[in-house]
Visitor: 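Encoded as structure tokens, here's the structure I'll be asking about.
FYI, the numbering just counts along the sequence from 1. Atoms within each ligand, like the ligands themselves, are counted from 1 in listed order.
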Amino acid sequence: MGDLPGVTSKLEYLKELGVDAVWLSPFYASPQADAGYDVSDYRDVDPRFGSLADFDEMLTQAHALKLRIIVDLVPNHTSDEHEWFVQARAAKPGSETRNRYIFREGKGEQGELPPNNWQSIFGGNAWTRLVEADGTPGQWYLHLFDTKQPDLNWENPEVRSEMEAVLRFWLDRGVDGFRVDVAHGMIKAEGLPDWDGAAAMVEGQQAEDSADSADSADSEKAPEGNMNPPSPFFDQEGVHEIYRAWNQVLKEYDGDRMLVAEAWVEPAERLVRYIRPDEMQQAFNFEFLLAGWDAERMTAAITNSLAAVESVGAPSTWVMSNHDTVRHTTRYGLSTPTGFPKGISAADEQPDEALGLLRARAAAAIMLALPGSAYLYQGDELGLPEHTTLAAELRQDPAFARTKGEEIGRDGCRVPLPWYDQEPGYGFSHGSVEPSQPWLPQPESFASYAADRQDGVPGSTLEFYREALALRSEYELGQGVLEWLEASGLHQPDKDILSFRNGELTVLANFGDQPLALSTEFLEDRGVRLRSQPKALTENGELAPNSAIWLS
Ligand code: GLC
């Protein structure tokens, strides 16, 4: 599955790419029921990935290269193999150890029915019934995700102090921040009322009417009326108290430590409440990710996000893919490039890979010119597509099993990167004594995306990303201010053209399938600094379809 020494060996590659921080998904002790998001010991590295000493070595080397390290924190649930849950299982109903989780008696004459109607995000019931120590069927425990991920009881002060101690454990080791998993979870509505909405994570919970839901950023009231219907387990008011406490913990440390929320919360006004000055520092902007390849949707996502973050004085973030979503290169190559499939299998529509890549590079040229923090998912820089034909028996995502294959799941975006096109597993275990096959097989097409095939090749996706990131830093775009070029008539999202200025740079993107003629004066006044693809600008001074350029 890869390991921490492997990460260490690629720090130079990341430095050369031009990033300044790395977020690592969970490497803690875990039975891997959900790719490490089921933690059995928050203070140790899983032997699959190495040791605490390997972590320290990685951190030291990263810092020597001026790369910051952000680790994943999973506070909503533990693994059912965590010591606390093992104790809770063995203990009696009502005991202190059970009170660290959410145990309830079942309904029905014999307690044979779950305590409420909540469904797991991964499909199926969100409750599992225990067999008590004496062999009789007993209480039920809540798990918003897999059966092997029992939810912690955040009303219990012991849970709060333990998680703060975990934060300190990693801060003491020198980490620069935490990506907070399911940051909108943890607190559940009092009485755990039934809920008829569809439990989902990646779409967020769609606002029924976002016009009605434009709740002000400092509103303290629950999201009544803006959800359909409001969820009793996500985005509860009480969660903010936790982040205010964590903000204080981080303040005890030197440097610029940070928290970034993974919170699928809509609308943007609701999301930015997680990044008020005394809470977290950043939150992933999933509206941008969900916009897809569409000039109007992307414009709206950018405008909304910038306005919302401004209201709380925090920076915006931008992201197009992550380990929970179909890679954007693939999504943009589907007949509906704003669609959001939950995984793709061989039975589904297959993407136009070349078109998807063209668009993905243009979208990256837009994203990397925006003010705020841009997050890349590993392999974005190689233009990597989703593995869309993985065999069912190889799939490991619990959502695939729990929905009996109805939801294809997230394995297709998690396939290991191709480093060397001629090596077994495309060099995934490069340098090992016995090179092994990667934990998920790569499609053959990955050979053409291998890092060694792109390194130093002008016009390759890797070189394009390196160039864009270097310019982003040179022009200090992250700290800049965006201005849509509406007045000059350039920015016309309804005509598939997106255009803005950030400081000295002008960005122009053509989402359409026709070349866009640019006036000679326009081009003469400016120098082209970046092309999303080598032929982005034609000899006749036209901006090619599905392309973007930066001018200064
Ligand atoms: C987050 C993670 C996802 C995980 C889930 C449960 O959404 O990104 O991978 O399955 O939380 O921890």
Visitor: If the plane angle is over 60° it's perpendicular, under 30° parallel, otherwise tilted; pick one for W264 and F340.
Guide: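 If you compare the ring of W264 with that of F340, the planes turn out tilted.
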Visitor: Evaluate the ring-ring contact (aromatic ring centres under 6.0 Å, His included) criterion for residues F55 and W170: first the C-alpha distance (whole Å), next the side-chain angles of each, then the deciding distance (0.1 Å), finally the verdict.
Guide: CA-CA 10 Å; F55 176 83; W170 293 101; 5.0 Å; yes
Visitor: Ignoring angles and geometry beyond distance, decide whether D34 reaches within less than 3.5 Å of ligand 1 through its nitrogen or oxygen atoms.
Guide: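 N/O-N/O distance below 3.5 Å exists for this pair.
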Visitor: Does the plane of the ring in F145 sit parallel, tilted or perpendicular to the ring in H77? Use 30° and 60° as the thresholds.
Guide: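 It falls in the tilted class, 30° to 60°.
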Visitor: Check the surroundings of atom CD in Q350: do more than 12 heavy atoms from other residues, nucleotides or ligands lie under 6.0 Å from it?
Guide: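 Yes.
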Visitor: Could you check whether R402 makes a cation-pi contact with F122, meaning its NZ or CZ is under 6.0 Å from the centre of the six-membered ring and within 45° of the ring axis?
Guide: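 No, cation not above the ring by the 6.0 Å, 45° rule.
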Visitor: Is K10 positioned over the aromatic face of W419, cation under 6.0 angstrom from the ring centre and no more than 45 degrees off axis?
Guide: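 Judged by the rule, K10 and W419 form a cation-pi pair.
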Visitor: Can you tell which of V180, T325, D181 gets a heavy atom nearest to atom 1 (C) of ligand 1?
Guide: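 Ranked by closest heavy atom to atom 1 (C) of ligand 1, first place is D181.
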Visitor: Which of the numbered atoms in ligand 1 are below 4.0 angstrom from a heavy atom of H77?
Guide: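 By the 4.0 Å cutoff, the relevant atoms are 6 (C), 12 (O).
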Visitor: Tell me which protein heavy atom sits closest to atom 7 (O) of ligand 1, plus the residue, atom name and distance to 0.1 Å.
Guide: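 Going by distance alone, atom 7 (O) of ligand 1 is nearest to E262 OE2, 2.7 Å.
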Visitor: Only heavy atoms of R179, strictly under 4.0 Å: list the atoms of ligand 1 that pass.
Guide: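 Under 4.0 Å from R179, ligand 1 has these atoms: 2 (C), 8 (O).
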Visitor: Strictly below 4.0 Å, N to O, side chains only: are R414 and E386 in salt-bridge contact?
Guide: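 Result for this pair is no, no salt bridge flagged.
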Visitor: Which ligand 1 atoms, with their elements, are less than 4.0 angstrom from a heavy-atom of R410?
Guide: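 Checking each atom against R410, I get 3 (C), 4 (C), 9 (O), 10 (O).
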Visitor: Mark up the atoms of ligand 1 that fall under 4.0 Å of a heavy atom belonging to R414, in ascending order.
Guide: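 Numbered from 1, ligand 1 contributes 9 (O).
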Visitor: Look at the aromatic rings of Y332 and W293 and report parallel, tilted or perpendicular, splitting at 30° and 60°.
Guide: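 Geometry flag for W293 against Y332: tilted rings.
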Visitor: Counting only heavy atoms closer than 4.0 Å, does ligand 1 sit against the backbone of F284, its side chain, both, or neither?
Guide: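 No part of F284 comes within reach of ligand 1.
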Visitor: Of all the heavy atoms in W264, does at least one lie under 4.0 Å from an atom in ligand 1?
Guide: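 No, W264 has no heavy atom closer than 4.0 Å to ligand 1.
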Visitor: Which atoms of ligand 1 are found less than 4.0 Å from any heavy atom of H323?
Guide: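 Listed by number with element: 2 (C), 3 (C), 8 (O), 9 (O).
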Visitor: Which residue holds the protein heavy atom closest to atom 8 (O) of ligand 1, what is that atom called, and what is the gap in Å?
Guide: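 Looking only at protein heavy atoms, the one closest to atom 8 (O) of ligand 1 is D324 OD2, 2.5 Å.
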